[in-house]
S.K.: 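The structure's right below; bear with me while I get my questions together.
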Amino acid sequence: MRAVDLIRQKRDGGMLDRAAIDFFVSGVTDGSLPDYQASALLMAIVLRGMSAEETAALTDAMVRSGVRVDYPDIDGTPVDKHSTGGVGDKTSLILAPLAAACGAYVPMMSGRGLGHTGGTLDKLEAIPGFRTRLSLDDLRKALAVVGCAMIGQTEEIAPADKKLYALRDVTATVESIPLICASIMSKKIAEGIGGLVLDVKTGAGAFMKSPADSRRLAESLVAIGVASGLRTEALITTMDAPLGRMVGNSLEVIESIETLKGNGPQDLERLSVVLAARMLIAAGLEQDDARAEARVLDALTSGAGVEKLRAIIEFQGGNPAVVDDYGRLPAAPDRHDVTAARSGYVSALQAELIGRAAVALGAGRARLDDVIDPGVGIEVMARVGAPVRGGETVLSVHHRAGRGLSDAAPMLAEAVQIDDAPPLMRPLVVDRVPHSFRGN
């Protein structure tokens with residue numbers, strides 16, 4: 001079997017059988033398939049797509065490229081949540097400690113920034129000393145002691161995906177439903193959870209722009225999970241403007257802590273509570289939304305959630321003092337204001353442009369070897385629907401000595417739209433795919 005034949009076959013619209021997919025995945029895993037051929041096949045998949053059978057085979061091969069974790073020392077169903085990627089989407093830092101404070105076991109395996117969207121690992125690593133690389137034994141110990149671990153992909157779990165994830169980020173091959181599904185579900189199946197709640201983003205700042213495409217992605221993800229014996233459900237949520245007010249790693253850590261203290265933006269708190277409640281139901285701890293949400297809100301208002309975050313930070317080697325002293329987090333020293341061109345209402349803050357601007361500043365990666373600057377980012381001063389006067393600050397850019405500002409500033413100016421009347425607002429949760437869904 002030759003890689004060039006597989007590339008040609010998919011380029012011409014053909015199907016790849018299980019043997020061909022196994023050859024591709026094993027070659028990526030052991031390094032025998034060069035990056036340029038792996039990238040070429042990824043691009044052919046983006047352009048030509050994959051059938052449900054091919055996607056399932058790819059997911060299975062990626063799971064089998066490593067180990068499937070078990071948790072012999074816990075008495076309960078481990079659960080996780082995954083977002084398909086948004087701008088300012090820091091819900092993981094909020095809902096994981098909330099769910100754990102309610103008694104759920106949460107082995108949360110996250111990724112780095114992908115394309116214009118931020119990554120949970122990059123946010124966590126803004127906390128001085130925080131270790132996202134834990135061994136599987138440390139992961140099991142964290143669940144037994146703290147109830148939650150927030151880690152990166154280990155060498156043992158779906159190693160093929162780790163390599164493909166990095167390649168997709170820098171070869172414009174992110175926006176593919178089969179590749180997204182195989183990447184997400186291979187990690188989730190391999191991490192040994194029994195329940196999974198998916199947050200599938202839709203809108204201008206999401207990888208899937210239309211509700212129909214987002215629904216197709218959600219259905220594909222849920223069908224793969226259910227077929228693998230994993231209780232899986234999806235919420236389809238709006239991603240037109242950044243979630244919350246902060247975009248950038250340290251800034252988002254601060255906003256997450258403030259939300260756990262009860263001081264966060266309403267949209268960010270609400271989505272975090274809804275997702276955490278569904279995690280409790282997936283874990284079998286609650287049976288309906290009302291009781292589950294009440295339990296999560298109690299963990300929020302009582303301070304149990306923020307104290308659980310403190311415990312997670314301490315267990316994973318970070319400085320728990322950041323919860324009380326934000327001055328211990330990295331910060332960018334310089335500011336640049338993006339102002340309203342005229343008076344009116346903020347009708348749009350285009351999330352994708354804001355995400356790309358954050359990458360230009362150094363908050364994300366344009367290349368595999370780029371180094372993240374955890375202190376830079378963008379603060380939303382006037383949110384969508386807010387009245388503004390001409391010259392009033394809409395976005396405040398946190399930058400370091402102008403690095404990337406010449407690229408970021410025009411994108412941010414374009415991202416801000418002002419109209420004479422306030423816009424119609426879409427609901428936060430626009431659709432759901434229940435765990436009973438088994439595919440078409």
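Here the structure is a predicted model, which means the values were calculated and not measured.
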S.K.: When you compare the side chain of Arg168 with that of Ile180, does any pair of heavy atoms fall below 4.5 Å?
M.R.: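 Yes, close enough: below the 4.5 Å cut-off.
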
S.K.: Is it the case that more than 12 heavy atoms not belonging to Glu314 sit under 6.0 Å from its CD atom?
M.R.: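 Result for CD/Glu314: open.
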
S.K.: Any side-chain heavy atom of Leu41 sitting closer than 4.5 Å to one from Leu33?
M.R.: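 No, side chains not in contact.
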
S.K.: Under the 3.5 angstrom rule, does the side chain of Arg383 hit a backbone N or O of Gly244 as a donor-acceptor pair?
M.R.: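 Between the backbone of Gly244 and the side chain of Arg383 there is a qualifying donor-acceptor contact (under 3.5 Å).
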
S.K.: Leu98 and side-chain contact (heavy atoms from CB on, under 4.5 Å): which partner among Asp298, Leu297, Val296?
M.R.: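 Between Leu98 and the candidates, side-chain contact (heavy atoms from CB on, under 4.5 Å) is satisfied uniquely by Val296.
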
S.K.: Measure the shortest side-chain to side-chain distance between Ile236 and Pro211 over non-hydrogen atoms and say whether it is less than 4.5 angstrom.
M.R.: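 With C-beta onward as the side chain, the pair stays apart.
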
S.K.: Is Lys209 salt-bridged to Asp213, going by a charged N under 4.0 Å from an acidic O?
M.R.: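 Answer for the salt bridge query: no.
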
S.K.: Kindly determine whether Thr77 and Arg231 satisfy side-chain contact (heavy atoms from CB on, under 4.5 Å), including the steps that lead there.
M.R.: CA-CA 10 Å; Thr77 300; Arg231 180 184 168 119; over 6 Å; no

S.K.: Using the side-chain contact (heavy atoms from CB on, under 4.5 Å) definition, which of the options Leu349, Leu412, Leu251, Val87 pairs with Ile378?
M.R.: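 Testing each of Leu349, Leu412, Leu251, Val87 against Ile378, the sole residue satisfying side-chain contact (heavy atoms from CB on, under 4.5 Å) is Leu412.
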
S.K.: Between the main-chain N or O of Leu285 and the side-chain N or O of Arg295, is there a donor-acceptor pair closer than 3.5 Å?
M.R.: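 It does hold such a pair.
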
S.K.: For a side-chain contact (heavy atoms from CB on, under 4.5 Å) with Ser110, tell me which candidate from Leu93, Asp80, Leu121 qualifies.
M.R.: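 So, applying the side-chain contact (heavy atoms from CB on, under 4.5 Å) to Ser110 and each of Leu93, Asp80, Leu121, only Leu121 qualifies.
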
S.K.: In plain terms, say whether Arg245 and Glu258 are close enough for a salt bridge, that is, a side-chain N and a carboxylate O under 4.0 Å apart.
M.R.: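 Between Glu258 and Arg245 there is no salt bridge, as every charged N stays at least 4.0 Å from the carboxylate O atoms.
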
S.K.: What is the distance from atom CG of Asn263 to atom CD1 of Ile257, rounded to the nearest 0.5 Å?
M.R.: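 Interatomic distance, Asn263 CG to Ile257 CD1, rounded to 0.5 Å: 11.5 Å.
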
S.K.: With a 4.0 Å cut-off on N to O distance, would you call Arg216 and Glu219 a salt bridge?
M.R.: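 Here Arg216 does not pair with Glu219 in a salt bridge, since their nearest N and O are not under 4.0 Å apart.
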
S.K.: Is the shortest distance from a Lys or Arg side-chain nitrogen in Arg365 or Asp169 to a carboxylate oxygen in the other one below 4.0 Å?
M.R.: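 No.
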
S.K.: Tell me whether Lys163 contacts the main-chain N or O of Pro159 through its side chain, where contact means a donor paired with an acceptor under 3.5 Å.
M.R.: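 Not a single qualifying donor-acceptor pair exists.
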
S.K.: Any side-chain heavy atom of Cys181 sitting closer than 4.5 Å to one from Leu217?
M.R.: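 Yes, close enough: below the 4.5 Å cut-off.
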
S.K.: Check step by step if side-chain contact (heavy atoms from CB on, under 4.5 Å) holds for Lys81 and Val79.
M.R.: CA-CA 7 Å; Lys81 161 264 177 188; Val79 292; over 6 Å; no

S.K.: Before giving the answer on side-chain contact (heavy atoms from CB on, under 4.5 Å), spell out for Val380 and Leu395 the whole-Å C-alpha distance, their side-chain angles and the decisive distance to 0.1 Å.
M.R.: CA-CA 5 Å; Val380 178; Leu395 302 173; 3.9 Å; yes

S.K.: As an exercise, state the distance from CG of Leu139 to CD1 of Ile157, rounded to the nearest 0.5 Å.
M.R.: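 So the CG of Leu139 and the CD1 of Ile157 are separated by 6.5 Å.
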
S.K.: Under 4.0 Å between a Lys/Arg side-chain N and an Asp/Glu carboxylate O for Glu155 and Lys162?
M.R.: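 The answer is yes: the pair qualifies as a salt bridge.
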
S.K.: Could you check whether any side-chain heavy atom of Ile313 comes within less than 4.5 Å of a side-chain heavy atom of Asn319, counting everything from C-beta outward?
M.R.: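 Side chain of Ile313 against side chain of Asn319, heavy atoms only: no contact under 4.5 Å found.
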
S.K.: Between Lys123 and Ser92, does any side-chain donor sit less than 3.5 Å from a side-chain acceptor?
M.R.: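 Ser92 and Lys123 do not have a side-chain donor-acceptor pair below 3.5 Å.
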
S.K.: Any sub-3.5 Å donor-acceptor pair from Ser39's side-chain atoms to Tyr36's backbone N or O?
M.R.: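 Answer holds: no.
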
S.K.: Any idea which heavy atoms bring Met239 and Ala351 closest together, and the distance?
M.R.: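 Shortest heavy-atom separation between Met239 and Ala351 comes out as SD-CB, 4.1 Å.
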
S.K.: Output, in order, the C-alpha distance, side-chain angles, deciding distance and verdict of salt bridge (Lys or Arg N to Asp or Glu O under 4.0 Å) for Asp138 and Lys141.
M.R.: CA-CA 5 Å; Asp138 285 341; Lys141 184 178 178 182; 6.0 Å; no

S.K.: Would Lys10 and Glu54 count as a salt bridge (Lys or Arg N to Asp or Glu O under 4.0 Å) if you check the C-alpha gap in whole Å, the side-chain angles of each, and the deciding distance to 0.1 Å?
M.R.: CA-CA 11 Å; Lys10 180 50 68 177; Glu54 287 175 297; 3.0 Å; yes

S.K.: If every non-hydrogen atom of Ile21 is compared with every non-hydrogen atom of Leu16, which pair is closest and at what distance?
M.R.: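 Answer, listing the atom of Ile21 first, then Leu16: CD1-O, 3.7 Å.
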
S.K.: Under a 4.5 Å cut-off applied to non-hydrogen side-chain atoms, are Thr238 and Met425 in contact?
M.R.: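 Result no, sub-4.5 Å side-chain heavy-atom pair not found.
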
S.K.: Given 3.5 Å as the limit, does a donor-acceptor pair link the side chain of Asp17 with the main chain of Ala19, or not?
M.R.: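 It does hold such a pair.
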
S.K.: Does a side chain donor of either Ser32 or Asp30 reach within less than 3.5 Å of an acceptor in the other side chain?
M.R.: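 Yes, Asp30 and Ser32 have a side-chain donor paired with an acceptor closer than 3.5 Å.
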
S.K.: Strictly distance-based, threshold 3.5 Å: is any side-chain N or O of Glu255 a donor or acceptor partner for the main-chain N or O of Met246?
M.R.: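 Yes.
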
S.K.: Please determine whether a side-chain nitrogen of the Lys or Arg among Arg8 and Asp5 lies less than 4.0 Å from a carboxylate oxygen of the Asp or Glu.
M.R.: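 So Arg8 pairs with Asp5 through a salt bridge.
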
S.K.: Can Val433 and Arg215 be said to form a side-chain contact (heavy atoms from CB on, under 4.5 Å), step by step?
M.R.: CA-CA 8 Å; Val433 179; Arg215 176 83 192 187; 3.7 Å; yes

S.K.: Ignoring hydrogens and angles, tell me if any N or O in the side chain of Arg133 forms a donor-acceptor pair with the backbone of Gly152 under 3.5 Å.
M.R.: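 Between the backbone of Gly152 and the side chain of Arg133 there is no qualifying donor-acceptor contact (under 3.5 Å).
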
S.K.: So does Met150 get a backbone contact from the side chain of Gln316, meaning a donor-acceptor N/O pair under 3.5 Å?
M.R.: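 Checking the backbone N and O of Met150 against the side chain of Gln316, a donor-acceptor pair under 3.5 Å is found.
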
S.K.: Of the non-hydrogen atoms in Ser176 and Ile45, which two are nearest, and what is the gap between them?
M.R.: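 Distance-wise, the nearest heavy atoms are OG-CG2, 4.1 Å.
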
S.K.: For Leu167, is there any backbone N or O sitting under 3.5 Å from a side-chain donor or acceptor partner on Thr171?
M.R.: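 Indeed, once roles are kept as given, a pair shorter than 3.5 Å links the two residues.
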
S.K.: Is atom CZ of Arg426 surrounded by more than 12 heavy atoms (other residues, nucleotides or ligands) closer than 6.0 Å?
M.R.: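 Atom CZ in Arg426 is packed in, count exceeds 12.
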
S.K.: Drop me the distance from Ile151's CD1 to Leu134's CG, to the nearest 0.5 angstrom.
M.R.: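 That separation rounds to 5.5 Å.
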
S.K.: Could you report the tightest heavy-atom contact between Ala158 and Ser186, atom names first, then the distance?
M.R.: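 So the minimum-distance heavy-atom pair works out to CB-OG, 4.0 Å.
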
S.K.: When you check the gap from the basic side-chain N to the acidic O, do Asp199 and Lys201 get nearer than 4.0 Å?
M.R.: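 Yes, charged N to carboxylate O under 4.0 Å.
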
S.K.: To the nearest 0.5 Å, what is the distance between CZ (Phe24) and CE (Met1)?
M.R.: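 One gets 13.0 Å once the value is rounded to the nearest 0.5 Å.
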
S.K.: Is the closest basic N to carboxylate O distance between Glu293 and Arg270 below 4.0 Å?
M.R.: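 Salt bridge: yes.
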
S.K.: Would you compute the distance between atom CG of Leu42 and atom CG of Leu47 and round it to the nearest 0.5 angstrom?
M.R.: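 Reported to 0.5 Å precision, the distance equals 11.0 Å.
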
S.K.: Using atom types as modelled and distance alone, determine if a side-chain donor or acceptor of Lys90 lies under 3.5 Å from a backbone N or O of Leu243.
M.R.: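 Side chain of Lys90 to backbone of Leu243, a donor-acceptor pair under 3.5 Å: yes, one is there.
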
S.K.: Would you indicate whether the side-chain heavy atoms of Thr232 and His435 approach each other to under 4.5 Å?
M.R.: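 Sidechains of Thr232 and His435: no contact.
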
S.K.: Please give me the minimum heavy-atom distance between Ile354 and Pro242, naming the atom from each residue.
M.R.: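 The pair with the smallest heavy-atom distance is CD1-CG, 3.8 Å.
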
S.K.: Checking side-chain contact (heavy atoms from CB on, under 4.5 Å) against Met185, which of Ile224, Thr55, Leu58 comes through?
M.R.: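 The side-chain contact (heavy atoms from CB on, under 4.5 Å) with Met185 is passed solely by Ile224 among Ile224, Thr55, Leu58.
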
S.K.: Are the side chains of Leu95 and Met108 in touch, meaning some heavy atoms are under 4.5 Å apart?
M.R.: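 Contact flag for Leu95/Met108 side chains = yes.
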
S.K.: Please name the pair of heavy atoms, one in Asp240 and one in Gly203, separated by the smallest distance, quoted to 0.1 Å.
M.R.: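 Minimum heavy-atom contact is OD1-CA, 3.2 Å.
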
S.K.: Can you measure from CD (Glu252) to CG (Leu124) and round to the nearest 0.5 angstrom?
M.R.: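 Output value for this atom pair is 11.0 Å.
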
